[in-house]
Each structure stands twice: as structure tokens, then as C-alpha cells.
Amino acid sequence: MPDARSLKPCRAERRAKPWNSVFQSPRPPHKASIAVGASALSAKTLTHGARCPSFAAKRLGLTTLLLPLALSGCVGPQSTFGGAGSEAAAVEALFWFMLWGAVFVWVVTIGIAIYATRVSPGRHSERTGIRFILIGGVIFPTVTLAGLLVYGLKMMPEMRSEANGPTIAVSGERFWFRVAYGVEGEPGVVKSLPPGGVESANEIYLPVGQRSELLLGSPDVIHSFWVPALAGKMDMIPGRVNRLVIEPVREGVYNGVCAEFCGDAHAQMGFRVIAVSPEAYAAHVEAQSQPAALTSGPGLDAFMKNGCDACHTVRGTEADGAIGPDLTHLASRRTLGAGLLAMSEENIATFVRATDHVKPGVEMPSFGVLPDAEITAIAAWLGALK
Amino acid sequence: MFGLDRQTRDNIWTLIAAPTIWALHFLLAYGVAAVQCAPNQAIFETITATRWMIAGITVVALALIGLIFLRAYREWKGHGGGTVNDQDTDVARESFLEFSTVLLAGLSFVSVIFVALPALFIADCR
Ligand SMILES: [Cu+2]
């Protein structure tokens, strides 16, 4: 992603906010994303001395930069054009059909305009005019819209047909996603998601080739669950459990986002979906159900001493808070802070030390006042919880 | 009773009658569907009763709009069926209103069908 590197120093330089640029870790939008996210973060070397190119050169550079960027918007882990899920594939097919249909209508319309102004600019009889309006303006749109409507209506129940895979509860909470594998429950108007299941956060494994049922809810405000590469959006509404069926057809890692504005850190409320074989899925859930790998040491002591356990659970220890994400297998996840940073010991320390800088609006207090040794110890411990 | 000899005077109410029926049909159709499906439970259970209810109000709405269409169409034809209304006379006014009613009734007729189509294809609350 050349843009991240070549444009940012200039902007950062103009704003002259070194602190910002050090922590500026754009939510990785593309393939090499995680690497870029990490490099942007650790790049304290972000060359503030780098000079901005001249205006003309920049314009040219910008165009050449933006073209592949615009095109690359059509592929990658957050694209609806991948057909990585059966629903996304159906919607994509419909999209192309409608796109070409629109192109056809446009060409015909412009063709008629050219005919009427260039080829045959004279007066046409009223009869011709009325017949033209009747066919082109009444019959054609009515028939076309009816056809599209019927096609779409036939598609809808199929997308929501019965699941044959696991049931997974996902709760949208400001500003992260709570995940529980293997719950038992149904959609409905109920206060909260079904309890139980194997807890995790900000990462959802799904078996390829199976229709998993996601039960979606929220304890605070309305969020929306969206994995563009796999399926359409579904709202997560307090006091209601909604149902979304997802069938990944290709293994891979896909980006998910919250698609309903929910507060300050809404734009940093993301997650990953990892589509794997059914066997790998079962193995993953089994691994996640285990207690933490390391249940003693200075990291845990500092964690308990500073009250992290009031909000976080680490199974196998006394930490059993339920406000924030379950950290039992934190290091097994790909990202930290709901899709924000790459998972690393260094980033865990950064997140704990300057939570509000990394993720403005976050609901976890910053612990920058703690002695560095304690933060390092906590980060080392959490970083070992595979 | 809607013959050419029985010309009625058109006004704003006869003009908007058809779209009003469309709006009421829309409201009722969504109402009965919401009463059935808002609880978000037993989503695979068929909702035959609701679908028949929607079918019923659809037939009524289409019949009423059809009558409005026919009346306006006949009276409009009776006035010569012109589409150009640039005179300041009572007949031109009448003809203009009738023709507009015809168009709105046609639009409303198609729209009511579109509103009802989901009930034809979707058999449960999914
Ligand atoms: Cu949100």
C-alpha cells in the first residue's frame, strides 16, 4: 500500500502532530494490512524530514497512486466482490446483472437522445410520442421492476433458510464484538443473547461449506454486523436477537465491521472472520474452550493488582470480569482492540499504556500511570496466552 | 352507472383517491405482517392467515382503484381524450383532472401489486 507510506508523512508534517502519527494505525483495509498497521505503528522513524513532492509531481503521483487504489478496492478481505460466501455470491451476481442492465438502459436512452437531436431532429407525431412514452416509460419499467422484484423475493428466503452448522452468539458492544461459540437459542424479542458457549472476542471462526447461524444482539446501542465478503448486514439491536446465516464457500480471513454509527470509536469497531475447514473449526473452538496457558507469574500479579480483572476474564485464574473482552486466549487472535492493531506484545503494551490515544472514545481506561515494568510484565503475560 | 351520460365533476379528492387507497393498503399490509413477525419467533412457521389477509386487502384495493380508473377513463374519453390542456375552460379543467386521475390510478394499481408481491413469495417470517 504505497499510499499509507508516501502520503502520510506529508499530511502528518503539515499538521505537525508527531504523537498522532506515531500512533496512527489506520484500520488495515487491504491484504498486506496487518503488516502495514504494524509498521505504521512501530515506525517511530516515520520520516518527518521527508519533503513533500512539488504540486505537479504530486498530482501526477496521486493519479497513478489512486488508480490502483481505486481498483484494489474491488478485491481483498473487505470486498463484496469476492463471492467468499454463498449470500455474497448471490448478491454479486445480481449486482452484475443489474449493472449491465443499467448500462443497456443508459445506452438506449442516450441513443434515443442522439437520434432525436441529431439523426431526426424534426417534429414527431403525437401518436409516436404517446406510444413511445407508453412503451418506454410505462410498460418497460413496470415489467423490468416486476421481474427484479420477483427474482429478489425468491432469493430472500433461501438466504435465510435453516442452518446446518454451529450456532454462534455475537454481541456488539461499544466498541468491540463479544463472541460465544456453540450456544443454544433462537431469535426473538428478548433481553439478551443466550448464555453459555465458548467465549472469545473480535474474531469469529466459521466452518467452510456449512451454514452457521449467528445470533446477534447488543447490550448498549444499535450496531450492525457486516462481513462484506461473506454476506449482507444485520442490525444488532438491544432487546432483540436477530439471526444471520452465513455460509463461507472459500477459506480465508475476512474483515468485518460495525456498520451502524454507535459512538466515538465506531470507525474502529471491527473484527475478523476466519473461514476454515470444519475440522479446523472444531479444533479451534476446542482450543478456545481451554483455560489460559499461563496462570501465574508477575504479569498476572500486576493484572490482578491493578484491577484489570474487574472487567476482564482470564479463565484458569481469578480474573472473571465480564465488562471487557475475554483475554484467555488473547494472543491467538490476529488483531488487538477490535481489528485495530496487529497482535504483538509491543502493541498490547501500547494499548494498555495509551488506550485512549490508540482508540479514541474507547470504554477502557488508560493505564499510562502504571510503572512501565508492570505494563511490560502484563503485556508479556497476555502476549503468551495463545 | 359509470356511463358517458353520467358525467361527474372531478375535484382534488377524486384525483387523490387512488393513491390514498395505495397508501392505506401499504399501511395495512405492513401492519398485519408486523403484528405477525415483529416478535421474531418461530420464524419457520408458515403464516398462511397473514398472507390471506394481505391477499384480501389487495383484492379490495385493486377493485376500488380499478373502478376509479374506469370512471375517470370513460369520462376522459367522453371529453375527447385529449392530453393537451392549455385552455382556461371548465371542460379543459375537467378533462385535465380526469386524465391525471387515470394516470395516478394506473400507478397506484401497479404499486399495490408490488406491495403485495412479498406475501406471494414469502411464506414465513424469515
Ligand atoms: Cu458499533
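Residue numbering restarts at 1 for every chain, and letters A, B, ... go by the order of the sequence lines. Computed from heavy atoms alone, side chains included, the values below leave out hydrogens, waters and symmetry copies.
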**Student:** Considering only heavy atoms, which portion of B:L117 lies under 4.5 Å from any heavy atom of chain A: side chain, backbone, both, or neither?
**Tutor:** both
**Student:** Which one of A:E162, A:K154, A:M159 has the most heavy-atom pairs closer than 4.5 Å to chain B?
**Tutor:** A:E162
**Student:** For the CG atom on B:D88, are there more than 12 heavy atoms of other groups (residues, nucleotides or ligands in this structure) within a distance under 6.0 Å?
**Tutor:** no
**Student:** Within residues 116-137 of chain A, which positions have a heavy-atom distance to chain B below 4.5 Å?
**Tutor:** A:E126, A:I130
**Student:** With a 4.5 angstrom heavy-atom cut-off, which part of B:F114 approaches chain A: side chain, backbone, both or neither?
**Tutor:** both
**Student:** If you count heavy-atom pairs under 4.5 Å with chain B, which of A:V241, A:L153, A:V189 comes out on top?
**Tutor:**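 Counting heavy-atom pairs under 4.5 Å, the top option is A:L153.
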**Student:** Kindly check if the number of other-residue, nucleotide or ligand heavy atoms within 6.0 Å of CZ (B:F99) is above 12?
**Tutor:** yes
**Student:** In Å, rounded to the nearest 0.5 Å, how long is the span from CG of B:N40 to CZ of A:R243?
**Tutor:**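 One finds 9.5 Å between CG of B:N40 and CZ of A:R243.
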**Student:** Tell me, yes or no, whether the heavy-atom count around A:F97 atom CZ, taken from other residues, nucleotides or ligands under 6.0 Å, exceeds 12.
**Tutor:** no
**Student:** Counting only heavy atoms not in B:Q36, do more than 12 fall under 6.0 Å of its CD?
**Tutor:**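 Enclosed: over 12 neighbouring heavy atoms sit under 6.0 Å from CD of B:Q36.
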**Student:** Can you name the nearest heavy-atom pair linking B:F121 to A:P157, along with the distance?
**Tutor:**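 Heavy atoms only, the tightest pair is O-CG, 4.4 Å.
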**Student:** Mind ranking B:A42, B:G106, B:P118 by heavy-atom pairs under 4.5 Å with chain A and telling me who comes out on top?
**Tutor:**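 Ranked by contacts with chain A, first place is B:P118.
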**Student:** Heavy-atom cut-off 4.5 Å, strictly under: side chain, backbone, both or neither for B:A38 against chain A?
**Tutor:** backbone
